[in-house]
Trainee: 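Take this structure, written in structure tokens, and hold onto it; I'll ask about it next.
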Amino acid sequence: MRALIAMSGGVDSSAAALLMQRSGYACEGVTMRLYRSGDLGLACHKSCCADRDAEDAAYVCFQLDIPHETLDLSGLFRATVIRRFADTYESGETPNPCIDCNRFLKFETLLDLALERGFDCLVTGHYARITRDPERGRYELRKALDESKDQSYVLYTLSQRQLAHLRFPLGELSKTEVRRLAEESGLITAEKGESQDICFVPDGDYAAFLERWTGKAWPPGDILDQSGAVLGRHRGAIRYTPGQRRGLGLPTGERVYVLDKDMARNTVTVGPESALYSPGLLAGDFHWLSVPEPAVPIRVTARTRYRQKEFPALARPLPGRKLELLFDAPQRAVSPGQAVVLYQGDLVLGGGRILRAL
């Protein structure tokens, strides 16, 4: 059995390669070069540096005595991830580029490459599990046993074909166990830190990145209250997201939050926190993953943000791959452009892109 390991240069993919090798697989490592830090005007920041990560991945493969190669997928990454990231922000929505990277690069391009080369599976260091329902003959995506590290939210776009050829060996381990495994084996990534930000925006300054990437400068504009009255000036609508409180610079005397922004009019609307709550949402491009699309509304739990605590809701499928989700209790700052992912217990039912809050 042959396994192609997606090596990011971090401890998780390193441990995944080690576990597959110990399971008897003939392994090879591959690193996707998505960008060079200098090409995007980035310096090596904290634990995230594309050039160093590729070197670390190669060295881990040397330690494990398995072949390694680096694939330059920077053109595809720019078109399918960075361009979509910029377009979504410019439209006034909030993107999730990790989902696009998984969808178009790891589990489409890289998996296709693995199968073309005769590998039996593609392996990644994601914290999630894959099971199979023998009665329905259907693969299922499930949460990691360590829910503090669960990454199922960013994996909802997977298909049945992809699940059949993917392996997530870390799905039943905790991060502590993964680090211990790597340390005991002497892997150089054992104590390597984790990036908490988007890989191509490691300093977290999305607006500055977008200005560098697009060559545009977003002008100041009016900050409005819910009645349309002008309260002050913003520093460019691209810099604000729903639910944001800090950085508004308003002498209102009370806490106000970003409720909405109108990119065409270049305005940002603010109001009290109570106005952030909505009773439901409408999602599009909805993908049913572990179960077929239900014919009737079903009870679920849901997340509208990564790492969010799930909340109960009623999911109603609509024509055109849309879905209406009605929350049992109003939810805060539902943001168009983000993903909504549905669960029943640890089973991932599917997910889609939030179009609007109800």
Trainee: Under the side chain to side chain donor-acceptor pair (under 3.5 Å) test against S185, which residue among Q63, R22, Q21 passes?
Mentor: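 The residue from Q63, R22, Q21 that satisfies side chain to side chain donor-acceptor pair (under 3.5 Å) with S185 turns out to be R22.
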
Trainee: Give the minimum heavy-atom separation between R33 and A54, together with the two atoms involved.
Mentor: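 Looks like NH2-CB, 3.7 Å.
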
Trainee: Identify which one of R307, R303, H126 satisfies the side chain to side chain donor-acceptor pair (under 3.5 Å) criterion when paired with D150.
Mentor: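 For D150, the side chain to side chain donor-acceptor pair (under 3.5 Å) test succeeds with only one of R307, R303, H126, which is R303.
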
Trainee: Contact between P292 and R138 at the side-chain level, heavy atoms closer than 4.5 Å - yes or no?
Mentor: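 P292 reaches R138 side chain to side chain.
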
Trainee: Please confirm whether R332 makes a cation-pi placement over Y257, using NZ or CZ under 6.0 Å from the six-membered ring centre and within 45° of the ring normal.
Mentor: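 Because its charged atom sits under 6.0 Å from the ring centre and within 45° of the axis, R332 does stack over Y257.
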
Trainee: Look at the side chain of S335 and the backbone N and O of A333, then say whether any donor-acceptor pair between them is shorter than 3.5 Å.
Mentor: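 At least one qualifying donor-acceptor pair exists.
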
Trainee: I want to check a possible cation-pi pair here: K261 against Y240, using under 6.0 Å from ring centre and within 45° of the ring axis as the test.
Mentor: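 Output no; distance or angle outside limits.
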
Trainee: Is a side-chain donor or acceptor of Q151 paired with a backbone partner of Y127 at a separation under 3.5 angstrom?
Mentor: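 Answer holds: yes.
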
Trainee: Of all heavy-atom pairs between E293 and P317, which one has the smallest distance, and what is that distance?
Mentor: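 Nearest heavy atoms, E293 then P317: OE2-CB, 3.5 Å.
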
Trainee: Got a salt bridge between D120 and R2, using NZ or NE/NH1/NH2 to carboxylate O under 4.0 Å?
Mentor: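 Salt bridge flag = no for R2 with D120.
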
Trainee: Under a 4.0 Å N-O cut-off, is there an ion pair linking R83 with D100?
Mentor: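 No, this pair does not count.
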
Trainee: With a 4.0 Å cut-off, would you call R129 and E172 a salt bridge?
Mentor: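 The answer is no: the pair does not qualify as a salt bridge.
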
Trainee: Counting only heavy atoms not in K322 (residues, nucleotides, ligands), do more than 12 fall under 6.0 Å from its NZ?
Mentor: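 Counting other residues, nucleotides and ligands, NZ of K322 stays at 12 neighbours or fewer.
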
Trainee: Tell me whether Y156 shares a hydrophobic cluster with V334, the cluster being built from Ile, Leu, Val, Met, Phe, Trp, Tyr side chains joined at under 4.5 Å.
Mentor: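 No, separate clusters.
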
Trainee: May I ask you to say whether R136 pairs ionically with D133, meaning some side-chain N is under 4.0 Å from a carboxylate O?
Mentor: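 Salt bridge flag = yes for D133 with R136.
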
Trainee: Within the side chain of T94, is there an N or O that forms a donor-acceptor pair under 3.5 Å with the backbone of Q338?
Mentor: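 Checked: no pair found.
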
Trainee: L248 and I223: which non-hydrogen atoms are nearest, and at how many Å?
Mentor: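 Closest heavy-atom pair between L248 and I223: O-CD1, 3.9 Å.
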
Trainee: Indicate yes or no for a side-chain donor-acceptor contact from S152 to the backbone of A128 under 3.5 Å, with no hydrogens or angles considered.
Mentor: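 Side chain of S152 to backbone of A128: no pair is present.
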
Trainee: Find out if a path of hydrophobic residues (ILVMFWY) with successive side-chain heavy-atom gaps under 4.5 Å connects L76 to L4.
Mentor: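 Yes, same cluster.
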
Trainee: Tell me, yes or no, whether the heavy-atom count around F311 atom CZ, taken from other residues, nucleotides or ligands under 6.0 Å, exceeds 12.
Mentor: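 Correct, the count exceeds 12.
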
Trainee: Is it true that L259 and I354 fall in one hydrophobic cluster, defined by side-chain heavy atoms closer than 4.5 Å?
Mentor: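 Each belongs to a different hydrophobic cluster.
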
Trainee: With a cutoff of under 4.5 Å between side-chain heavy atoms, which Ile, Leu, Val, Met, Phe, Trp and Tyr residues group with L224?
Mentor: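 The other cluster members (ILVMFWY side chains, heavy atoms under 4.5 Å, direct or chained) are V230.
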
Trainee: Do the side chain of R179 and the main chain of S174 share a donor and acceptor less than 3.5 angstrom apart?
Mentor: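 It does not hold such a pair.
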
Trainee: Between D203 and R212, does at least one N-O distance fall below 4.0 Å, as a salt bridge requires?
Mentor: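 Result for this pair is no, no salt bridge flagged.
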
Trainee: Closer than 3.5 angstrom, by distance alone: can the side chain of Y35 be matched with the main-chain N or O of F77 as a donor-acceptor pair?
Mentor: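 Looks like no, no N/O pair under 3.5 Å.
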
Trainee: Would you say the side-chain atoms of E177 pair up with the backbone N or O of L173, donor to acceptor, closer than 3.5 Å?
Mentor: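 Side chain of E177 to backbone of L173: no pair is present.
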
Trainee: Closest heavy-atom contact between L158 and Q162?
Mentor: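 Taking every non-hydrogen atom into account, CA-OE1, 3.3 Å.
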
Trainee: Measure the acute angle between the ring planes of F200 and F85, then classify it against the limits of 30° and 60° as parallel, tilted or perpendicular.
Mentor: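 Plane angle over 60°, so perpendicular.
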
Trainee: Show every salt bridge (Lys or Arg N to Asp or Glu O under 4.0 Å) that has at least one partner inside residues 154-168, sequence neighbours left out.
Mentor: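 Output for this query lists D112-R161.
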
Trainee: Do NZ/NE/NH1/NH2 and the carboxylate oxygens of E310 and K143 come within less than 4.0 Å?
Mentor: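 Looking at K143 together with E310, the answer is yes, because their closest N to O distance falls below 4.0 Å.
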
Trainee: Please name the pair of heavy atoms, one in I238 and one in Y89, separated by the smallest distance, quoted to 0.1 Å.
Mentor: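 Of all heavy-atom pairs spanning I238 and Y89, the closest is CD1-O, 3.3 Å.
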
Trainee: Give the minimum heavy-atom separation between L155 and L289, together with the two atoms involved.
Mentor: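 Residues L155 and L289, closest heavy atoms: O-CD2, 4.2 Å.
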
Trainee: Salt-bridge test for K216 and E90: reply yes if a basic N is under 4.0 Å from a carboxylate O, no otherwise.
Mentor: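 Looking at K216 and E90, the cut-off is met.
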
